[in-house]
Amino acid sequence: MNKNSLLILAGLLLCIVFESMAQSKNKVIAHRGAWKNTGATENSIGALEHAIKLKCYGSEFDVHMSADSVLFVNHDHTIKGTDIEKTSAKELSEIKLSNGENLPTLEAYLKAGANQKKTRLILEIKTSRLGKERSMALATKCVALVKELKVGKITDYIAFDYDVCLKVKQLTPKAHVQYLNGDKTPAEIKAAGLDGIDYHLGVFKKHESYIREAKENGLVTNVWTVNSKADMQYFLDNKVDYITTNEPEALLEMTK
Ligand code: MG
């Protein structure tokens, strides 16, 4: 083999390596990870790992703060009757999920997603039931931990609390922040300096111009939680950027 052929071969191999490491290009965000068809518990590290294995564009998860300010991943404010915000990290760490994992800390969760670039970590900052101050403290701690673990480049933030979205954007201007609550127009989101809208499917169906208006404003659009094939097709036809779903396998199949 001559020198030129060797260089071409090396170039091709590098392309293959980079491609295998690159961000997935599909529209699929696994809602609370890929749990429904995999046997993993929602929001478990196992569910995140399945979403990564499926090569979803993103895997979404929800974050709360313990009484002693440690961050945990869970959807509800309570787990097995225990109120996360009113319980110590030590007690929370002992709680078992139904798939046998311990209730994951955000630190463990981010570390599990850290060594790959295909699947973005879509971090939802939950709204505290104990007041605005704690929501803001949770937001600040999430941003600090993402920075400490050096996962900023693969992490996006979402929140229902508008002030939390603004706070995250202020703390980490390069991060991608999307608002969840559905009560702001794309123009308002753009004016606030946020990056996109991540709204319930009913909001997008009621305001059919939102996807177009968001694009005109340079905003990203994401819709939740889209589980039927008819709704998936509706949003694919309407060219939404990302679809958050409990059925990532079905949506991946439809968009192959
Ligand atoms: Mg969520």
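Atoms within a ligand are numbered from 1 in the order they appear, just like the ligands themselves.
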Q) Taking just the N, O or S atoms of Glu124, which one is nearest to the Mg ion (ligand 1)? A) OE1

Q | the Mg ion (ligand 1) - name of the N/O/S atom of Asp62 that sits closest to it | A | OD1

Q.
Looking only at N, O or S atoms in Glu60, which is nearest to the Mg ion (ligand 1)?
A. OE2

Q. Ion pair present between Lys167 and Asp161, side-chain N to carboxylate O less than 4.0 angstrom?
A. no

(Q) Hydrophobic cluster membership, with links at side-chain heavy-atom distances under 4.5 Å among I/L/V/M/F/W/Y: are Ile45 and Ile122 in one? (A) no

Q.
Are the side chains of Trp224 and Leu180 in contact, using a 4.5 Å heavy-atom criterion?
A. yes

Q: Indicate if Val223 and Met254 have the same hydrophobic cluster label, given that clusters are the connected sets of ILVMFWY residues with side-chain heavy-atom separations under 4.5 angstrom.
A: yes

